[in-house]
Amino acid sequence: MSKKKKEWRTEKDRLLSLGPEERRKEYGDNYVALDKIPTWRHHHSRESDEEEENPVSLCDKVSLYKGDITILEVDAIVNAANSSLLGGGGVDGCIHRAAGHYLYEECHSLNGCETGKAKITCGYDLPAKYVIHTVGPIARGNVGMVQKADLASCYKSSLKLVKDYSLRSVAFPCISTGIYGFPNEPAADIALNTVRDWLEENRDKIDRIIFCVFLENDYGIYNRKMSDYFPPDNEECEEGNVAHTEDDANKNDAADVQMDSQVDQDVEMMSQGDADVDHPDPPSEQPETCTSAAENPAKELTTEGSDPVEDEKSAGESKPKQEKEKPEEKNGDSEEGIGSAGAEKENSAGEKTENAPADAKQEDEEDQVTSMNSKEADSQGLMETMEVEGAENEENTTTTHTSKSEGEVMHQDKSPAETNQATQTDSSQSKDGPSDKGEPSKE
Ligand SMILES: NC(=O)c1ccc[n+]([C@H]2O[C@H](COP(=O)([O-])OP(=O)(O)OC[C@H]3O[C@@H](n4cnc5c(N)ncnc54)[C@H](O)[C@@H]3O)[C@@H](O)[C@H]2O)c1
């Protein structure tokens, strides 16, 4: 076994054997503790959840959080990855940047992941114990049955790993709504609907599911929809959280009707040429790069910011560039030059620092990994371009068909180790199942 492989496995076993206080010594004070994130019941009141002795409703199990997912101190954060699992841009880039090179090493041993499936690794330098990597559908504005089913499958596959590993808290980003172009509103309906259905069957299996949004637009959408899926059931709830009286069945129907009509509206808009899916308008808000916990996580993210793809290119070097490239220098091809948006950290003196490696040797190593990362991700980006073009060509002759991946997820009934392996894209079985310290519960 090469030295490198031993290192990531050794590090993984070491980290997963630490208690909470010891773990905090590893990642310092740049984190947001779970008890600082209000449940949906208390979202507007900002009350602490201590008063809730026996959470009775699903609105005590979910939260809406706006900010950088890499600083959440939860059992697992979900990464919107690409099929190579070798990092890239957007939230994927932030997570890899913040977790450090061991994450890349472990991901490399997983041999990729199929759309709609999920695989789990250690969180390494993150406050989160684990990272669940899932690959969303490349929608580019076009949302058919397959894309909808694949997106739902991302949430189901991730939650299956949460259950298999007996994790008690998990945070989801807005999967596929960034560079993969899934319209934000239907994506939110699919996320909320899938999580609500899972919670109804597994409410005692988890303490908290956090919808972690990054954009102002997504915050507005989730803020508006959460109570439709997770209605607080006691009257004194915050004003604005309407208590629903119809039974779950009606609620499901209402939610499904709402989701379908919303998706139809979006598809209608697209087909009227309101959006050029090949060259979508630059998002009205540019996501900021990863923020630091020192800033108020609930603070509204400003909408101006750098272009994520430009940043990713520059961040592909060993240190993310701070200033945005001038427009005339921009290379419009989002599949090129993949790097990762730099995760800014705050040192104890409160100055923003980058993840500057501790010493030159580590810096060289990181640079090697980064350049390997960006080379592999570049080829991945190329593959993604082909995939997207393929998908777009196919679009003209698309006939709907049920999603294979969803079928597989529904019938997937493997042990966690097999599950983590079952989503391999090639025949070789991973030699690197979860380490025995991180062994999931056998149910
Ligand atoms: N190939 C590239 O050039 C490239 C560029 C950008 C992103 N990516 C990434 O995009 C692909 C997946 O697309 P996607 O739309 O599922 O993901 P995405 O493009 O990362 O967007 C998903 C959502 O995550 C949000 N987000 C970004 N950073 C953070 C953060 N630190 N914390 C919380 N949320 C955040 C983002 O605003 C969006 O709402 C993967 O290839 C991945 O590598 C690749």
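The chain is numbered in sequence order, starting from 1. This is a predicted model, so every value here is computed, not measured. Ligands are counted one by one from 1 in listed order, and the atoms in each one are counted from 1 as well.
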Practice item. Enter the distance from Ile138:CD1 to Gln147:CD here, rounded to the nearest 0.5 Å. Key: 10.0 Å

Practice item. Give a yes/no on ligand 1: does Gly136 have at least one heavy atom closer than 4.0 angstrom to it? Key: no

Review point. Atoms of ligand 1 less than 4.0 Å from Thr177 heavy atoms?
Key: 15 (O), 23 (C), 38 (C), 39 (O)

Check your understanding: Are any side-chain N or O atoms of Asn193 and backbone N or O atoms of Asp189, one a donor and one an acceptor, separated by less than 3.5 Å?
Key -> no

Exercise for review: Report yes or no: does a heavy atom of Thr70 sit under 4.0 Å from some atom of ligand 1?
Suggested key: no

Point to revise | Test of proximity, Gly87 against ligand 1: N or O pairs below 3.5 Å | key: no

Check your understanding: Looking only at distance, does Gly178 have an N or O less than 3.5 Å from an N or O of ligand 1?
Key -> yes

Check your understanding: OG/Ser158 to CD1/Ile175 distance, rounded to the nearest 0.5 angstrom?
Key -> 5.5 Å

Point to revise | Lys66 side-chain N/O to Glu216 backbone N/O, donor-acceptor pair under 3.5 Å | key: no

Check your understanding: Could you give the distance from CG (Asp75) to OH (Tyr130), rounded to the nearest 0.5 Å?
Key -> 8.5 Å

Review point. Hey, does Val91 come in under 3.5 Å of ligand 1, counting only N/O atoms on both sides?
Key: yes

Point to revise | Arg14 bridged to Glu11 by N-O distance under 4.0 Å | key: yes

Point to revise | Residues Arg24, Glu73: salt bridge by 4.0 Å N-O rule | key: yes

Study note, to complete from the structure: Distance col, row Lys12:NZ vs Glu106:CD, nearest 0.5 angstrom, shows 3.5 Å

Check your understanding: Is Lys225 salt-bridged to Glu185, going by a charged N under 4.0 Å from an acidic O?
Key -> yes

Exercise for review: State the atoms of ligand 1, each with its element, that fall below the 4.0 Å cut-off from a heavy-atom position in Asp92.
Suggested key: 42 (C), 43 (O)

**Study point:** Under 3.5 Å: N/O of Gly89 near N/O of ligand 1
**Key:** yes

Revision key, fill the gap. Ala80 heavy atoms within 4.0 Å reach ligand 1 at atoms 12 (C), 16 (O), 17 (O), 42 (C)

Review point. Cys94 heavy atoms, cut-off 4.0 Å: which ligand 1 atoms fall inside?
Key: 31 (N)

Point to revise | Under 3.5 Å: donor-acceptor pair, side chain of Lys61, backbone of Ile206 | key: yes

Point to revise | Option whose closest heavy atom lies nearest to atom 36 (C) of ligand 1, chosen from Phe214, Phe172, Tyr65 | key: Phe214

Check your understanding: Counting heavy atoms only, which part of Asp218 comes closer than 4.0 Å to ligand 1: side chain, backbone, both or neither?
Key -> side chain

**Study point:** Interfacing atoms of ligand 1 (cut-off 4.0 Å, heavy-atom, Gly67)
**Key:** 32 (N), 33 (C)

Review point. Should Glu105 and Arg9 count as an ion pair when the cut-off is N to O under 4.0 Å?
Key: no

Exercise for review: Just jot down the ligand 1 atoms closer than 4.0 angstrom to any heavy atom of Cys174, in number order.
Suggested key: 22 (C), 23 (C), 39 (O)

Review point. Backbone, side chain, both or neither: what part of Asp68 comes under 4.0 angstrom of ligand 1, heavy atoms only?
Key: both

Review point. Backbone or side chain, does any N or O of Val213 fall under 3.5 Å from an N or O of ligand 1?
Key: no

Point to revise | Heteroatom proximity flag, Asn82 to ligand 1, N/O under 3.5 Å | key: yes

